[in-house]
Amino acid sequence: MSLSREQVAKRVAQELQDGYYVNLGIGIPTLVANYVPDDIEVMLQSENGLLGMGQFPTEDEVDADMINAGKETVTAATGAAIFNSAESFAMIRGGHVDLTVLGAFEVDQNGSIASWMIPKKLIKGMGGAMDLVAGAQNIIVTMTHANKHGESKLLESCTLPLTGVNCVKKIVTDLAVLEVKDGAFHLLERAPGVPVDEIIAKTAGKLIVEGDIPEMKFD
Amino acid sequence: MAGFDKVVSSYEEAMHGLKDGDTVIAGGFGLCGIPEGLIAEIKKQGTKDLTVVSNNCGVDDFGLGILLQDKQIKKIIASYVGENALFEQQLLSGEIDVELTPQGTLAEKMRAGGAGIPGFYTATGYGTPVAEGKEVKEFNGRPYILEESITGEFAIVKAWKADRYGNLVFRHTAMNFNPLAATAGKITVVEVEEIVEPGELSPSEIHTPGIYVNRVIKGSFEKRIERVTTRPSK
């Protein structure tokens with residue numbers, strides 16, 4: 001069975017470490033915040049200028065001056081800091097953010113990512129994604145392994161306009177966890193019940209499969 | 001003698017001198033922290049062929065989006081314009097030109113512009129369409145692209161409080177691009193919720209010193225929210 005969006009988020013949350021500063025992109029990455037293990041502390045960075053993003057406000061707490069990068073109303077967590085956009089991207093570009101999780105249309109075997117533009121179809125802009133992939137120490141991409149036509153999104157070389165080059169370290173899809181290194185995808189884990197053959201069939205780029213591939217574990 | 005008193009009493013006075021073809025740098029992130037009344041005044045004045053520099057372009061009927069209705073914007077430099085159908089229409093029909101710019105690069109372009117730094121190298125955008133036509137230089141084995149900074153004839157800014165001298169304090173995430181925009185305008189106009197007397201703001205709490213600010217006006221704000229997201233109480 002392929003993973004649900006929640007399960008993908010849950011699996012990504014296992015990558016979090018105590019004391020991490022983390023930027024979560026829109027979509028599945030946002031859900032990761034719901035699965036932070038109880039025994040660790042992480043601080044969420046929102047690139048519009050908030051370090052220490054808290055939960056959504058109650059109806060009474062809603063404040064138009066308090067939003068996240070997805071333009072949703074949020075609260076500040078205990079110990080949060082607020083700053084301007086240049087300061088926000090100084091921490092991103094300066095490599096101070098430990099982990100960035102974002103979605104993508106395509107990733108290739110060299111770790112290049114396309115996530116912001118489909119020529120003649122979707123031209124909304126890159127927002128902060130190019131800064132995040134150029135600056136973060138560690139980047140995890142979440143996406144479905146194949147598109148709705150069954151075509152692989154893990155390619156030899158991206159076909160869409162790039163967001164960044166040679167930057168993605170890890171990918172969590174609905175089928176697998178893969179590491180990107182030395183010009184190839186390395187299969188680390190598979191979704192429960194998903195055979196390795198299916199992952200091989202749905203990975204267009206170079207895929208290395210070594211030994212028995214364990215199933216992902218969920219509590 | 002006005003001395004350092006920057007307060008003006010009408011929007012007309014606040015935006016006086018804005019001409020067709022000017023570059024206007026605007027603070028705000030989405031609809032958060034936008035100078036609502038100054039944008040409305042630009043619409044009222046009907047100034048044309050503007051180049052607008054802002055992270056976003058509002059929505060169809062609010063924020064900078066209202067300047068699209070009468071086709072006042074010739075070009076927009078922004079990181080994300082996905083909330084605006086009118087914009088997409090004018091882009092596809094070739095009536096408006098867009099320079100999509102990574103958000104951090106955009107912030108740094110304003111910051112550098114205001115600081116008298118004409119350009120800077122960044123890894124952001126290297127190897128992507130953003131890098132097309134730009135100089136590439138390696139530092140410590142990593143390639144970077146040259147980005148030029150931005151200044152404008154006008155900057156329009158929204159702050160929470162100002163004193164009469166133009167010292168500014170921003171509130172929560174309504175800060176965003178506002179302090180950067182404030183530094184990058186030849187004429188910087190600030191619309192605020194509250195004007196206080198000099199001395200009422202502690203010097204240590206001021207985010208933007210008055211030296212960057214030319215005009216201050218007290219506004220009233222709708223503060224529209226794009227996405228109200230809540231959790232149940234208890």
Side-chain angles (χ1 to χ4, degrees), chain A residues 46-50 53 55-76 80 82-93 95 112-114 116-117 119-120 122-135 161-167, chain B residues 27 29-33 55-56 78-84 88 91-92 98 100-108 110-112 122-130 143-144 160 170-180 207-208 221-234:
Chain A
S46 187
E47 64 267 23
N48 58 317
L50 172 61
M53 179 166 48
Q55 49 191 345
F56 290 147
T58 62
E59 218 158 286
D60 295 342
E61 291 170 341
V62 167
D63 184 336
D65 290 342
M66 198 63 210
I67 65 165
N68 64 17
K71 288 145 192 157
E72 300 168 326
T73 47
V74 289
T75 57
I82 289 171
F83 33 82
N84 70 54
S85 299
E87 182 81 50
S88 181
F89 283 92
M91 53 188 82
I92 290 167
R93 294 165 170 233
S112 294
I113 169 174
W116 69 283
M117 183 188 181
K120 291 179 187 156
L122 176 87
I123 312 175
K124 292 176 184 292
M126 69 291 283
M130 286 191 182
D131 305 280
L132 283 159
V133 299
L162 294 178
T163 309
V165 293
N166 310 339
C167 52
Chain B
F29 185 95
L31 301 180
C32 181
N55 190 54
N56 316 92
S79 88
Y80 190 82
V81 289
E83 323 284 2
N84 197 315
E88 217 168 330
L91 179 64
L92 291 170
V98 65
L100 290 172
T101 303
Q103 197 174 131
T105 295
L106 186 64
E108 193 64 14
M110 292 184 194
R111 196 199 69 79
T122 178
T124 300
Y126 171 76
T128 77
V130 165
Y144 294 78
W160 181 26
F170 302 92
R171 185 171 177 275
H172 299 341
T173 59
M175 179 186 287
N176 56 62
F177 283 82
N178 279 298
L180 312 164
H207 293 122
T208 293
F221 297 86
E222 178 187 331
K223 290 200 186 182
R224 196 181 292 186
I225 299 174
E226 270 172 86
R227 297 190 180 93
V228 178
T229 42
T230 56
R231 69 173 199 276
S233 33
K234 285 187 202 150

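Numbered from 1 within each chain, the chains take letters A, B, ... in sequence-line order.
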What are the two closest non-hydrogen atoms of B:Pro102 and A:Met130, and how far apart are they? CG-SD, 3.8 Å

Which answer fits A:Asn68, side chain, backbone, both or neither, if we ask what part of it has an atom under 4.5 Å from a heavy atom of chain B? backbone

Interatomic distance, B:Ile225 atom CD1 to A:Met66 atom CE [nearest 0.5 angstrom]: 12.0 Å

Any donor-acceptor pair under 3.5 Å from A:Thr73 side chain to B:Thr229 backbone: yes

Determine whether B:Pro129 and A:Trp116 make a side-chain contact, defined as any pair of heavy atoms from C-beta on separated by less than 4.5 Å. yes

Considering only heavy atoms from C-beta outward, does the side chain of B:Thr128 approach that of A:Met126 to under 4.5 Å? no

Heavy-atom pair of closest approach, residues A:Ile67 and B:Cys32: CD1-CB, 3.4 Å

To the nearest 0.5 Å, atom OG1 of B:Thr230 lies from atom CD of A:Glu61 at 10.0 Å

Could you tell me the separation between the CG atom of A:Asn84 and the OG1 atom of B:Thr173, rounded to the nearest 0.5 Å? 12.5 Å

So which of B:Gly104, B:Ala174, B:Ala78 has the biggest tally of heavy-atom pairs under 4.5 Å with chain A? B:Gly104

How many angstroms lie between CD in B:Gln103 and CZ in A:Phe89, if you round to the nearest 0.5 Å? 3.5 Å

Could you tell me which of A:Gly164, A:Ser88, A:Gly128 has the largest number of non-hydrogen atom pairs under 4.5 Å with chain B? A:Gly128

Check: A:Asp63 and B:Arg171 side chains under 4.5 Å, non-hydrogen atoms: yes

Proximal component of A:Ala129, with respect to chain B [non-hydrogen, under 4.5 Å]: neither

Do other residues, nucleotides or ligands put more than 12 heavy atoms under 6.0 Å from A:Glu59 CD? no

Any side-chain donor-acceptor pair under 3.5 Å between B:Asn176 and A:Ser85? no

Any chance you could measure B:His172, atom NE2, to A:Ile82, atom CD1, to the nearest 0.5 Å? 6.0 Å

Most heavy-atom pairs under 4.5 angstrom with chain B, which of A:Glu87, A:Gln55, A:Glu47? A:Gln55

Counting only non-hydrogen atoms closer than 4.5 Å, does A:Ile92 touch chain B with its backbone (N, CA, C, O), its side chain (CB onward), both, or neither? neither

To check you understand the geometry: which heavy-atom pair defines the closest contact between A:Asp65 and B:Lys223, and what is its length? OD2-NZ, 2.7 Å

Nearest 0.5 Å please: distance from the CZ atom of B:Phe29 over to the OG atom of A:Ser46. 7.0 Å

Chain A contact via B:Pro232 - which portion, at a heavy-atom distance below 4.5 Å: backbone

Need one label for B:Asn56: side chain, backbone, both or neither, based on atoms under 4.5 Å from any heavy atom in chain A. side chain

By a 4.5 Å heavy-atom criterion (distance strictly below it), what part of A:Ser112 contacts chain B: side chain, backbone, both, or neither? neither

For residues B:Tyr80 and A:Lys71, determine if any side-chain heavy atom of one lies less than 4.5 Å from a side-chain heavy atom of the other. yes

Compute whether any side-chain donor of one residue and acceptor of the other, for A:Arg93 and B:Thr105, lie under 3.5 angstrom apart. yes

Hey, does the side chain of B:Arg111 reach the backbone of A:Ala86 with a donor-acceptor pair shorter than 3.5 angstrom? no

